[in-house]
Amino acid sequence: MEKEWKRVDLITPDAGFFRSPATRLAPALIGCLLRRVTPEGIISGVIVETEAYTSDDPASHSFGGETSRNWPMFRGGGLAYVYLIYGIHNCFNVTSGVPGSGEAVLVRALEPCRGTGLMMDNRGLREPELLCSGPGRLCQAMGIDRSMNGSSLLHGELQVLLPSGTERPPISVSGRIGISRARELQRRFVLSGSRWISGRR
DNA sequence: CCGAGGATCATCT
DNA sequence: GATGATCCTCGGT
């Protein structure tokens with residue numbers, strides 16, 4: 001039996017979903033669906049790992065104010081912020097907060113849901129192992145690149161959908177991964193017990 | 001203009 | 001555990 005999903009609606013009580021602060025949106029995104037509509041078919045995965053970044057956070061791209069790179073973080077919640085890291089990998093964020101706040105949530109891992117074959121093709125893999133377990137890996141699997149930077153996630157080819165139910169999944173909190181500053185902040189959120197999160201096993 | 005370093009990953013020892 | 005790949009942003013001059 002397949003789970004049901006609903007669009008974030010601008011005129012219902014979901015209106016404030018993306019406008020909430022990153023520290024609240026990051027756990028709220030756990031269990032949501034990230035979906036891309038491609039000419040070849042639909043690709044989707046359930047978000048199982050996120051990190052929150054805010055403008056008062058030395059580890060955040062927005063810490064020094066708005067720049068030509070981080071501008072989507074300053075345009076309010078519900079946009080894609082995609083940037084290149086180490087010259088090779090893309091990282092995908094969901095912007096959050098109100099315009100000017102400089103906040104985003106890094107999506108670090110997905111549990112593959114639909115279009116697994118397409119994702120494996122994109123990654124050059126023959127097994128779903130490590131398919132979307134890491135920010136670079138999930139972008140490669142989903143076909144997310146910087147051409148989608150700044151695009152709306154409410155409608156369009158890349159979307160975030162909410163679970164139709166109201167039950168909250170169990171979430172574990174920890175320090176963030178791969179940063180040198182503000183390691184102590186507890187701003188990494190994972191779906192408890194998920195085997196799809198990033199990092200070593 | 002220049003140089004350092006980065007919200008990573010695959011591969012090697 | 002260590003390393004190389006590879007590019008762009010951003011701060012300093």
Side-chain angles (χ1 to χ4, degrees), chain A residues 18 21-30 32 34 45 47-75 77 79-97 101-112 119-151 153 158 160 171-191 194-201:
Chain A
F18 291 118
T23 48
R24 284 219 295 279
L25 181 64
L29 283 172
I30 300 295
C32 291
L34 179 64
I47 297 172
V48 297
E49 180 179 354
T50 60
E51 288 178 356
Y53 289 89
T54 59
S55 60
D56 60 353
D57 166 13
S60 173
H61 289 175
S62 59
F63 184 62
E66 183 175 339
T67 66
S68 58
R69 175 171 69 160
N70 66 21
W71 64 265
M73 297 180 76
F74 291 85
R75 292 294 180 280
L79 304 180
Y81 169 43
V82 186
Y83 67 91
L84 184 69
I85 187 71
Y86 296 111
I88 298 193
H89 306 287
N90 291 298
C91 289
F92 167 73
N93 295 251
V94 178
T95 68
S96 66
S101 60
E103 302 182 15
V105 176
L106 174 69
V107 178
R108 290 192 55 91
L110 308 174
E111 175 177 342
M119 288 195 264
M120 290 191 292
D121 288 347
N122 289 341
R123 293 259 299 127
L125 301 177
R126 303 217 47 182
E127 299 178 359
E129 186 79 9
L130 299 180
L131 188 54
C132 299
S133 300
R137 290 167 178 154
L138 78 87
C139 282
Q140 187 180 33
M142 296 284 294
I144 296 172
D145 61 32
R146 283 169 297 160
S147 71
M148 297 164 196
N149 190 42
S151 65
L153 299 170
L158 193 59
V160 171
I171 293 173
S172 304
V173 187
S174 69
R176 295 169 294 183
I177 292 181
I179 56 170
S180 52
R181 288 169 289 186
R183 310 259 320 239
E184 73 284 1
L185 293 180
Q186 301 294 290
R187 294 189 173 185
R188 174 172 174 258
F189 305 87
V190 305
L191 178 63
S194 173
R195 80 176 186 88
W196 298 101
I197 64 176
S198 68
R200 306 256 163 180
R201 48 171 306 107

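Each chain gets a letter, A, B and so on, in the order the sequences are listed, and its residues count up from 1.
In this structure C/dG1 sits in a base pair with B/dC12, meeting the Watson-Crick or G-U test at under 3.5 Å.
Counting to the nearest Å, the P atom of B/dA7 and the CD atom of A/Glu103 are 18 Å from each other. A/Asn90 places its CG atom 11 Å from the P atom of B/dC9, with the value rounded to the nearest Å. Atom CZ in A/Arg187 sits about 13 Å away from atom C1' in B/dA7, given to the nearest Å. One interatomic measurement links the two molecules: CZ of A/Arg69 to P of C/dC8, which rounds to 12 Å at whole-angstrom precision. One interatomic measurement links the two molecules: CD1 of A/Ile144 to C1' of B/dA7, which rounds to 15 Å at whole-angstrom precision. Spacing between atom CD of A/Glu49 and atom C1' of B/dT8 amounts to 13 Å, rounded to whole angstrom units. A straight line from CZ of A/Phe63 to P of B/dG6 spans 15 Å, rounded to a whole angstrom. The CD1 atom of A/Ile85 sits 12 Å away from the P atom of C/dT9 (whole-angstrom rounding).
Contact check, A/Thr67 against C/dC10: a side-chain N or O comes under 4.0 Å of OP1 or OP2. Side-chain N/O atoms of A/Ser68 include none lying less than 4.0 angstrom from OP1 or OP2 on C/dT9. Distances shown here put a side-chain N or O of A/Arg137 below 4.0 Å from the OP1 or OP2 atom of B/dA10. Dashed line: the shortest gap from a side-chain N or O of A/Arg108 to OP1 or OP2 of B/dT8 is under 4.0 Å. The phosphate of B/dA7 has OP1 or OP2 within less than 4.0 Å of a side-chain N or O from A/His61.
Nucleotides of DNA chain B nearest to A/Asn93 and A/Leu130 differ in position, and the one nearer the 5' end is that of A/Asn93.
When heavy atoms are screened at a 4.0 angstrom cut-off, A/Ile88 is found touching base atoms of the nucleic acid. Contact annotation for A/Arg146: backbone-only contact, meaning every heavy-atom pair under 4.0 Å involves sugar-phosphate atoms and none involves a base. Within the nucleic acid shown, A/Arg123 comes within 4.0 Å of sugar-phosphate atoms alone, with no base atom in reach, counting heavy atoms only. Nucleic acid contact class of A/Arg176 (heavy atoms, under 4.0 Å, all strands): none.
The shortest side-chain heavy-atom distance between A/Leu25 and A/Phe18 falls under the 4.5 Å cut-off. Within the 4.5 Å cutoff, no side-chain heavy atoms of A/Ser55 are placed close to those of A/Glu103. Using a 4.5 Å heavy-atom cutoff, the side chains of A/Asp57 and A/Phe63 are not in contact. You'll find the side chain of A/Arg108 reaches within 4.5 Å of the side chain of A/Ile177, heavy atoms only.
For B/dA7, its base sits under 3.5 Å from the side chain of A/Tyr83 at one donor and acceptor pair at least.
Atom CD of A/Glu127 has 12 or fewer heavy atoms from other residues, nucleotides or ligands within 6.0 Å.
Stacking between A/Tyr53 and B/dA7 is present: the aromatic ring centre lies within less than 5.5 angstrom of the base six-membered ring centre, and the two planes differ by under 30 degrees.
If you run side chain to side chain contact (heavy atoms under 4.5 Å, CB included) between A/Glu49 and each of A/Val190, A/Leu191, A/Leu29, only A/Val190 comes through.
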